[in-house]
Amino acid sequence: MGEAAFQYSEDQAEAFERVSALLRAAGIDLETGTTRPAGAGRGRMLAITGRAGSGKTMLLARLCAAMREAGVEIVSGDHEPRNRKAGRQLAVLAPTNKAAAVLRARGVPATTIHRVLYTPVYDPEYEKVADWLAGGGARPVVAGLDEGALERAHAFYREHRSVPGALAAAGLRGSDFITGWKRRESPLDVGFVDEASMLDESRLDDLGAIFPTLVLFGDPAQLPPVKQPGAMVFDSLPAPQVLALRRVHRQARGNPILDLAHALGDPALEFEGFEALVADAARRDERVVLTGRVESDLMARSPVLVWRNATRVRLIRAFRDACGAPAEALLPGEPLICDGLELPLKHRRRRIELEARGLIRGAQAIYLGPGNRPGFARLHLLGAEEPKLSVAAIIKIETPEAEEPFIPCAARMGAAFLHGAAVTIHKAQGSQWPEVQVFAPDIRAASRSGRVEAGIALWKRLAYVAITRAQTRLRWVTRYRLARPTRSLSVADLEASAADFRLTGGPGAEEPAAGAPGGAAGGTGETAP
């Protein structure tokens, strides 16, 4: 095993041993690198908690590598051969596309919870290719796929372990090989769940029905789910099933953003004292910026984080005015955030398809333009493995002076969206951006409210979540002012990244044009919900 060469801190070492013991009881021995068939047993669960910089993601990555070395298959929910080889499986999950993308960027093969709860149904011809790629069948002969296409698919799958990506590398579109989606019925094996602070009890119950062994990784200082105020799912676990990481690691030391996050743990710290710490950090390090205005250029891809809805609406209005956006229409490049799916039960198949692709409440998207049918919009879903889709949409743009929002895209039913230039800190959980703007007057207002959640002042939870969304730079905005944009809204950055992805044969490489057949099957064309 390679674990001896990696130097753990004392609390990480204890956590690794605790998870190892849990897995050993489930038949996976990380020390000897051996496994035995899964036996009876259910409800094996352990939570690893810790604040930002405590090493949760590093620990998850090392455990994932140790599982792979022990012969455990990492599954993604893309495709499961009917004649799967007997063996153990691990799925690494996150609540949102953005959270999963953060993990994938760090080398952890993560997918979304919805992508595992809902599985694709493959066309029988292309299922032969998928089975072969996943090691469950002989090399197939399929009309329209020559030997070169099969070799490209095989080479891609060896490196990326993605069946849809491999089929895209062979020149296929999602609507060619996926005919629908279904709720998973067969159980899986072991699940690692990151950003577990975002889970509510019902989602944890769903995961418990599929995974007999679950390890949760979460931050107790974040905000609890909206539907479960005051508590997180790991708060209800017995004490022996929760292990806290407390040490801040070397790679986190000297990071002024994480220093500020950890300063919020001081129970005597008041808002004025914290803002003084921000000012001091800004004087010493360019990674923290104390500013009196919001940068509108950043808002198109990195929303301003606020507490109050009134602030959110005012900032969105100011952003749209500054960008010259007409009151009656959206411009390509404007950001959106999904506010849920307004679909009746009879459209359950369409709901499953959209949720499996990551279009869930809180998902972030960029408006590309209107679809070819009334009520449809073309979108780029940020963080998704297959980002482009066209969907029946209900887009609501709120304004300070009107009680009712104006609706530039109004399907009778479909995916509901709000503008995403500014979002509440609650909705930002699970996401990260290189540069983040936090609207400090809202944090001050929360401090004056005197509200407390689960024993911690609300303003501290808000500030903690907001500043830890920043990967490289934090902008602490002290006044309601907006800088004029220096460039026009555009989707060129999205097109460039998509072109780079197509060169590698990544998922979504050959998306059909809007309105192409097969939208209900592959989720890329325009179909009724």
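Numbers here simply count residues along the sequence, with the first being 1. Quick caveat: nothing in here was measured; it's all calculated off a predicted structure.
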Side-chain touch Leu90/Cys64, heavy atoms, less than 4.5 angstrom: yes

Nearest heavy-atom neighbours spanning Ile74 and Pro109: CG2-CG, 3.6 Å

Short side-chain to backbone donor-acceptor contact, Lys56 and Phe217, under 3.5 Å: no

Salt-bridge present (Arg357, Glu353; N to O < 4.0 Å): no

Nearest-0.5 Å distance, OG1 of residue Thr112 to CD1 of residue Ile360: 7.0 Å

Donor-acceptor contact below 3.5 Å, side chain Arg104 vs main chain Gly383: yes

Ser302 side-chain N/O to Met299 backbone N/O, donor-acceptor pair under 3.5 Å: no

Side-chain touch Glu127/Asp131, heavy atoms, less than 4.5 angstrom: yes

Over all atoms of both residues, closest heavy-atom pair of Pro335 and Ala300: CB-O, 3.5 Å

Separation between CG of Asp219 and CE of Met198, rounded to the nearest 0.5 Å: 12.0 Å

Euclidean distance, Phe156 CZ relative to Leu167 CG, rounded to 0.5 Å: 10.0 Å

When the side chains of residues 477-485 are checked against the rest of the protein, which donor-acceptor pairs come out under 3.5 Å, sequence neighbours left out?
{"unit_1": "Thr478", "atom_1": "OG1", "unit_2": "Thr291", "atom_2": "O", "d": "3.2"}
{"unit_1": "Tyr480", "atom_1": "OH", "unit_2": "Arg314", "atom_2": "O", "d": "3.0"}

Check: Pro434 main-chain N/O paired with Thr472 side-chain donor or acceptor under 3.5 Å: yes

Quiz item: cation-pi between Arg51 and Tyr464, 6.0 Å / 45°: yes

salt_bridge(Arg361, Asp339) N-O dist < 4.0 Å: yes

Gap separating the CG atom of Asp194 from the CD1 atom of Ile48, nearest 0.5 angstrom: 12.0 Å

Donor-acceptor under 3.5 Å (Arg461 side chain, Glu453 main chain): yes

Partner set under side chain to side chain contact (heavy atoms under 4.5 Å, CB included) for Thr424, not counting sequence neighbours: Asn309, Arg312, His426, Lys427

Note, Thr111 side chain near Leu93 side chain (heavy atom, < 4.5 Å): yes

Glu334 with Arg320: basic N within carboxylate O range, under 4.0 Å: yes

Between CG on residue Leu145 and CZ on residue Arg152, distance to nearest 0.5 Å: 9.0 Å

Close side-chain approach of Val142 and Tyr126, heavy atoms under 4.5 Å: yes

Ala365 versus Leu381, closest heavy-atom pair with distance: CB-CD1, 4.1 Å

Qualifying side chain to side chain donor-acceptor pair (under 3.5 Å) pairs, either residue in residues 434-443, two or more places apart: Arg308-Asp442, Thr311-Asp442, Glu435-Arg475

Minimum heavy-atom distance between Leu133 and Ala166, given as atom pair plus value: CD1-CB, 3.7 Å

Pairing residues for Arg203 by the side chain to side chain contact (heavy atoms under 4.5 Å, CB included) criterion, not counting sequence neighbours: Ile113, His114, Leu117, Leu199, Asp200, Asp206

Derivation and outcome, side chain to side chain contact (heavy atoms under 4.5 Å, CB included), residues Leu494 and Leu368: CA-CA 9 Å; Leu494 305 177; Leu368 301 178; 4.0 Å; yes

Glu295 bridged to Arg293 by N-O distance under 4.0 Å: yes

Pairs involving residues 400-414, ordered by first then second residue, that meet side chain to side chain donor-acceptor pair (under 3.5 Å) (sequence neighbours left out): Arg317-Glu401

Atom of Asn97, atom of Ala384 and distance for their closest heavy-atom approach: ND2-CB, 3.6 Å

Ile443 and Ile425: CA distance, side-chain angles, deciding distance, side chain to side chain contact (heavy atoms under 4.5 Å, CB included) verdict: CA-CA 10 Å; Ile443 309 296; Ile425 295 168; 3.8 Å; yes

Test: Arg301 and Asp493 ion pair at under 4.0 Å: yes

Glu355 vs Tyr118 side-chain heavy atoms within contact, under 4.5 Å: yes

Close side-chain approach of Leu458 to Leu223, heavy-atom, < 4.5 Å: yes

Residue pair Leu462 / Val438, side-chain heavy-atom distance below 4.5 Å: no

Interatomic spacing from OH in Tyr367 to CZ in Arg378 - rounded to 0.5 Å: 7.5 Å

Smallest separation among heavy atoms of Gly375 and Cys409, with atom names: O-SG, 3.5 Å

Side chain to side chain contact (heavy atoms under 4.5 Å, CB included) between Phe417 and Ile337, intermediate numbers included: CA-CA 5 Å; Phe417 292 92; Ile337 186 163; over 6 Å; no

Those residues that, when tested against Trp433, pass ring-ring contact (aromatic ring centres under 6.0 Å, His included) (two or more places apart): none

Asp297-Thr486 side chain donor-acceptor pair, cut-off 3.5 Å: yes

Check: Pro95 and Gln429 side chains under 4.5 Å, non-hydrogen atoms: no

Donor on one side chain, acceptor on other, Glu398 and His419, under 3.5 Å: no

Val423/Leu418 under side chain to side chain contact (heavy atoms under 4.5 Å, CB included): CA gap, chis, key distance, verdict: CA-CA 9 Å; Val423 303; Leu418 301 175; over 6 Å; no

